[in-house]
Enquirer: 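Next up is a structure, given as structure tokens.
Keep in mind that what you see is a predicted model, and the values were worked out from it rather than measured.
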There are 2 protein chains.
Amino acid sequence: MNKKSFFIVLILLSVVLVSGCSSSVGNPPEKPGTADSNFESVEDSGSGTGSGDIDVLYQVSTIDALLQGVYDGVLPVAELETHGDFGIGTFDGLEGEMLALDGNYYQIKTDGIAYPVSGEMTTPFATVTCFEADENFRLEEPANLSELEAFLDMNLPSENLFYAARVDGNFSYIKARSVPRQEKPYPKLADAVSTQSVFEFENISGTLVGFRAPEYVKGVNVPGYHLHFITADRSAGGHVLDLEMDNGDVSLDITSAFFMELPTSGDFYNVELGQDLQADMEKVEK
Amino acid sequence: MNKKSFFIVLILLSVVLVSGCSSSVGNPPEKPGTADSNFESVEDSGSGTGSGDIDVLYQVSTIDALLQGVYDGVLPVAELETHGDFGIGTFDGLEGEMLALDGNYYQIKTDGIAYPVSGEMTTPFATVTCFEADENFRLEEPANLSELEAFLDMNLPSENLFYAARVDGNFSYIKARSVPRQEKPYPKLADAVSTQSVFEFENISGTLVGFRAPEYVKGVNVPGYHLHFITADRSAGGHVLDLEMDNGDVSLDITSAFFMELPTSGDFYNVELGQDLQADMEKVEK
């Protein structure tokens, strides 16, 4: 390798490694089926596997561990940020709803206010990605939450992949919640949400941030949609319980790779997983 | 950054990116709970997230897609190799059992013989990792398959993580199988295995290669153990149906991160997933 090539390689390597959600190096993201093979590998996305990859949904722990009360933060937000600029989750001790949008992380506490998040704060459960829209739609008709989800479903290339969904819209009504910090011994999530604060917004503009996970990852993530909300001025929001949308712009990011990091100590080790927690899930989500 | 630091960084970056399963850079793998935080992040393993990471179980597609007959190869072995030197799976068209050990990939066909694998061959489903033993045990007592699995279970730090398991042993009996290449329209796996070839080995030395997946990933991977076998001279083997082991050396690799890449076109898009395929799984595995 001559000196010039050497430095070009150095620069490329540096870009790959220091970027959190930088765009791919050279290769634009491709839509499914347009690649040479019928497998759009993460390498093809241009930035190696893992950190900062645009088509990877990165997750900390599992939804069932959270349902069972594993609330101790295990990953600092400073590290979570390297895996995504967009996502949802919660914080150490189940203290509030996490929402990440355009690279900014927010903590929505029980007063409904969206607070900035420091890199030292930790999460017991979060799902993030580097958001790059693969499909965009305009929704002009009013829609409630079920109708919005049905509209999104109609536009999915497959129900068997993961998707990140962003909706910048005008809402006549949004019902959202946040959960207070829990104390040990931690209650199960279905019990913890009995102390949740519920906020109602009327005639508000803002952004829905969330994911659609396939049915077959039940136990790992929430099958179907899981959405959080933040107002257009990024001042308030919460975990979405219900909504009436007037109109909005919908973006879907197809995330065909799923990267889950599990806690390597603490409550996660001994919690009973693998049970059917469907009833708990319904109590918690809606 | 001065010139010296600059070159040190360059060298580190190069090692990180070109390695498939190279050992970690500087940081030896740590046992759970010994890290500063209670989360042994992949970064801490020394080689960034993804490709070649020592504590990542890398998977192509899902077990339920395979059970439903999605057999078209979607990832070349040349790429799979960058994610692991150890693992199991199958090949395009369900042609034989895949086994990877010490960086060598084998295809065990219906004659029971282990053939070398070329990088152009593709897989519809495989699970690999860069194997580095976290725990080693010597088993001196004879054990059948259930007893071996129970012994392994007794030595797991948690049932909620993924593990790679390697057993170099002497076996009084091993019953293994392989499956012939299927033609389209592909039958379901439970039907395809009705044409399997079964091999019986007696008084043979060799290696069991496989994984233990937690119960909560049912639908994604095989809950519990999934083992393939290859003889000590690496000439024959198959998917393990039954065994009687005299003694052996057992190694467990704790893989706390799980990276799943899904096909972005082909049969995977439209196959019905999320059903309970437990009955099919039992028919296929044992």
Enquirer: For the interface with chain A, which of B:N160, B:L156, B:L273, B:N270 has the highest count of heavy-atom pairs at distances below 4.5 Å?
Expert: B:N160

Enquirer: Which bit of B:D64 comes within less than 4.5 Å of chain A, counting heavy atoms only: side chain, backbone, both or neither?
Expert: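 Neither part.
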
Enquirer: Quick one: do B:K184 and B:D72 satisfy salt bridge (charged side-chain N to carboxylate O under 4.0 Å, His left out)? Show the steps, please.
Expert: CA-CA 10 Å; B:K184 295 188 178 187; B:D72 282 338; 2.8 Å; yes

Enquirer: Would A:R212 and A:Y163 count as a cation-pi pair here, with the cationic atom under 6.0 angstrom from the ring centre and within 45° of the axis?
Expert: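 Cation-pi check for A:R212 and A:Y163: fails.
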
Enquirer: What residue, out of A:V217, A:V271, A:T255, has the most heavy-atom pairs lying under 4.5 Å from chain B?
Expert: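 Heavy-atom pair counts peak at A:V271.
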
Enquirer: Got more than 12 heavy atoms from elsewhere within 6.0 Å of CD, B:Q278?
Expert: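 Yes, because the 6.0 Å sphere around CD of B:Q278 holds more than 12 heavy atoms from other groups.
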
Enquirer: Applying side-chain contact (heavy atoms from CB on, under 4.5 Å) between B:L80 and each of B:T127, B:V117, B:T123, report the one that passes.
Expert: B:T123

Enquirer: Pick from B:E215, B:E159, B:Q59, B:M260: which one has the most heavy-atom pairs with chain A under 4.5 Å?
Expert: B:M260

Enquirer: Measure the acute angle between the ring planes of B:F258 and B:F162, then classify it against the limits of 30° and 60° as parallel, tilted or perpendicular.
Expert: parallel

Enquirer: Counting only heavy atoms closer than 4.5 Å, note whether B:T122 contacts chain A via side chain, backbone, both or neither.
Expert: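 For B:T122, no heavy atom lies under 4.5 Å from chain A.
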
